[in-house]
Amino acid sequence: MSSDTGHLGHTLDVQAIRACFPALKSGTARFDAPGGTQTPQQVIDAITEALTRPLANRGVLTEGGRNAEVIVAGARRALADLLGSEADSVVFGRSATQLVYDLARTLAKDWGPGDEVVVSRLDHDSNIRPWVQAAEAVGATVRWADFDPATGELGAEHIAAVLSGRTRLVAVTAASNLIGTCPDIPALAALVHGAGALFHVDAVHYASHAEVDLAALGADTLVCSPYKFLGPHLGVLTGRRELLLSLRPDKLLPSSDAVPERFELGTLPYELLAGATAAVDFLAGLVPGAGGRRDGLSRTFTALASHEDRLRGRIEDGLATLDGVTVHSRAARRTPTTLFTVAGRKPADVSRHLAERGVDAPAGSFYALEASRRLGLGEEGGVRVGLAPYTSDDDVDRLLNALDVPRR
């Protein structure tokens with residue numbers, strides 16, 4: 001199948017997309033996208049161009065300095081378009097984990113005994129442990145929001161149960177990297193703000209599959225990782241500009257005190273920022289006829305949702321016919337991320353069996369350790385099947401055919 005059609009006639013040409021990814025020439029059917037997608041040639045070329053042209057620390061006097069300035073400004077604009085944010089509120093870092101740790105330590109300067117921080121058991125540990133450790137360091141209390149393991153849902157009632165007048169911050173994922181659950185983030189934001197607290201959203205998994213709008217989500221701060229949506233390895237943080245202006249992170253004395261620079265430690269990875277811009281542009285151009293980058297992204301994510309939902313349905317329908325297979329991704333609204341286990345077999349053994357047959361579907365808890373435990377899967381977790389724009393019907397056929405599980 002060469003294409004998939006989204007709402008309003010938006011079309012995704014999957015074969016044309018696949019032709020842009022050199023790594024797909026290996027022939028492996030890749031379902032490891034939640035851990036990091038493959039890279040299109042356009043992104044590789046942008047990184048190469050940045051490194052082959054004159055490059056120096058940002059400035060205006062030399063060609064290398066000017067090239068660096070152009071790359072940084074362009075990357076801020078591109079990520080602002082992706083996240084529905086402002087370019088001067090886009091912060092770059094080594095990873096989303098690093099950025100959340102930095103943010104947590106900065107916010108915790110104003111916390112103390114009697115204050116409370118809420119984290120969710122649905123989340124990746126990078127949106128749990130930094131907040132837990134920052135709270136513990138200043139004597140603040142950590143409260144845990146559970147999710148329903150039977151449905152995979154994290155609802156408003158779960159957050160409301162742990163909110164109080166002492167809550168300073170609530171941290172929740174926009175999409176579970178383990179089971180795909182997408183909580184109603186705007187509804188949770190309204191609850192959190194009603195309690196007078198800040199709301200931090202982990203959009204690392206979400207931004208790969210859905211259009212992000214910082215204001216519409218109601219997030220005060222938000223993080224994502226370009227390598228999850230076809231780009232290079234780095235992290236991005238954005239947030240309400242007035243909040244960012246009010247924060248005083250630890251920084252070197254000579255480094256800029258401007259926002260967003262005050263949050264960026266050391267020299268930025270210019271070549272990776274060029275690659276991140278190229279990744280956003282690649283996504284924005286997947287559906288013809290866009291009126292601009294933000295519109296292009298909207299069209300792409302509409303078409304991508306149709307493509308990925310259809311393939312996810314094929315996978316889950318196929319798994320439902322296999323004896324002893326349990327699918328743990330059950331939320332009504334979720335990303336195309338399916339976690340399953342096979343009775344009597346370790347997830348790692350199932351993953352190894354698939355890998356030997358040219359199908360990459362890794363196993364584990366994927367740093368969502370609290371969620372895996374809550375599901376009763378412990379540290380072993382399950383086998384995770386995740387989709388990307390380049391996933392094809394042939395990939396799905398190969399996955400289902402490679403599972404040596406008897407039919408019901």
Side-chain angles (χ1 to χ4, degrees), residues 72-73 75-77 79-80 82-119 126-143 159 163-172 174 185-186 188-204 212-224 235-266 268:
V72 173
R76 293 203 204 280
R77 289 193 300 270
L79 270 298
L82 181 79
L83 303 175
S85 181
E86 300 174 75
D88 58 3
S89 299
V90 171
V91 178
F92 295 111
R94 183 175 65 81
S95 65
T97 300
Q98 173 245 307
L99 288 167
V100 176
Y101 262 114
D102 290 346
L103 178 65
R105 285 190 290 263
T106 299
L107 288 170
K109 292 178 180 182
D110 294 326
W111 301 343
D115 291 329
E116 296 180 354
V117 175
V118 172
V119 293
S126 65
N127 202 33
I128 295 176
R129 219 56 51 187
W131 303 112
V132 169
Q133 291 166 351
E136 289 175 344
V138 297
T141 299
V142 176
R143 303 195 69 183
I159 298 298
L163 281 178
S164 77
R166 297 181 297 277
T167 305
R168 300 297 304 274
L169 176 133
V170 176
V172 173
I185 293 298
L188 300 187
L191 272 178
V192 172
H193 292 149
L198 293 175
F199 190 43
H200 174 77
V201 173
D202 177 354
V204 171
V212 178
D213 187 309
L214 180 73
L217 289 174
D220 295 297
T221 52
L222 176 148
V223 290
C224 71
V236 179
L237 178 144
T238 191
R240 292 188 295 104
R241 184 159 178 80
E242 59 270 30
L243 173 63
L244 298 181
L245 286 168
S246 73
L247 300 180
R248 311 304 305 184
D250 294 334
K251 57 176 284 295
L252 301 182
L253 184 61
S255 64
S256 174
D257 195 43
V259 172
E261 283 84 358
R262 74 169 64 153
F263 297 96
E264 294 169 337
L265 307 181
L268 290 171

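Because the structure is a prediction, the values reported are computed rather than measured.
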Inset, instruction - May I have the step-by-step check of side-chain contact (heavy atoms from CB on, under 4.5 Å) for Phe263 and Leu237, ending in yes or no? - result: CA-CA 10 Å; Phe263 297 96; Leu237 178 144; 5.9 Å; no
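- When each of Arg77, Arg262, Arg241 is paired with Asp88, the salt bridge (charged side-chain N to carboxylate O under 4.0 Å, His left out) condition holds for Arg241 and for no other.
- Rounded to the nearest 0.5 angstrom, Leu222 CG and Ser89 OG are separated by 12.0 Å.
- Of all non-hydrogen atoms in Ala80 and Ala87, the two that sit nearest each other are CB-N, 3.5 Å.
- Screening Asp202, Val100, Val204, Leu99 for a side chain to side chain contact (heavy atoms under 4.5 Å, CB included) involving Ser126 leaves a single residue, Asp202.
- Inter-residue side-chain proximity for Leu79 and Thr238 is flagged as unmet; no heavy-atom pair is nearer than 4.5 Å.
- The two residues Ala189 and Gly218 come nearest to each other via the heavy atoms CB-O, 3.5 Å.
- Here the closest non-hydrogen pair linking Pro130 and Ala104 is O-CB, 3.6 Å.
- Considering every non-hydrogen atom in both Leu243 and Ser246, the closest pair reads O-OG, 2.6 Å.
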Legend entry - Trace of the side-chain contact (heavy atoms from CB on, under 4.5 Å) decision for Cys224 with Val212: CA-CA 10 Å; Cys224 71; Val212 178; over 6 Å; no
Legend entry - Full working for side-chain contact (heavy atoms from CB on, under 4.5 Å) between Asn127 and Val223: CA-CA 10 Å; Asn127 202 33; Val223 290; 6.0 Å; no
Using atom types as modelled, flag every donor-acceptor pair under 3.5 Å from a side chain in residues 106-114 to any protein atom, sequence neighbours excluded.
from	atom 1	to	atom 2	distance (Å)
Thr106	OG1	Asp102	O	2.9
Lys109	NZ	Arg248	O	2.8
Lys109	NZ	Asp250	OD1	2.8

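- For Ala258, the side-chain contact (heavy atoms from CB on, under 4.5 Å) test picks out Ser256, Glu261, with sequence neighbours left out.
- Atom CG in Leu268 sits 6.0 Å away from atom CZ in Arg76 (nearest 0.5 Å).
- The two residues Ser164 and Glu116 make their nearest non-hydrogen contact at OG-OE1, 2.9 Å.
- Counting heavy atoms of neighbouring residues, nucleotides and ligands inside a 6.0 Å radius, atom CZ of Arg240 exceeds 12 of them.
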Could you go through residues 134-142 and list every donor-acceptor pair under 3.5 Å that involves a side-chain atom there, pairing it with any protein atom two or more places apart or in another chain?
none

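- Here the side chain of Asp220 pairs a donor or acceptor atom with the backbone of Phe199 at under 3.5 angstrom.
- For CZ of Arg143, the number of neighbouring non-hydrogen atoms (other residues, nucleotides, ligands) closer than 6.0 Å is greater than 12.
- The minimum heavy-atom distance linking Ala171 with Trp131 is given by the pair CB-NE1, 3.4 Å.
- Note that CG of Leu214 and CG of Leu82 are 11.5 Å apart. Values are rounded to the nearest 0.5 Å.
- Screening Leu83, Val236, Leu244 against Val90 for a side chain to side chain contact (heavy atoms under 4.5 Å, CB included) leaves a single residue, Val236.
- Taking CG from Leu198 and NE2 from His193, the interatomic distance works out to 6.5 Å, rounded to the nearest 0.5 Å.
- To the nearest 0.5 Å, atom OG1 of residue Thr221 and atom CG of residue Leu247 are 8.5 Å apart.
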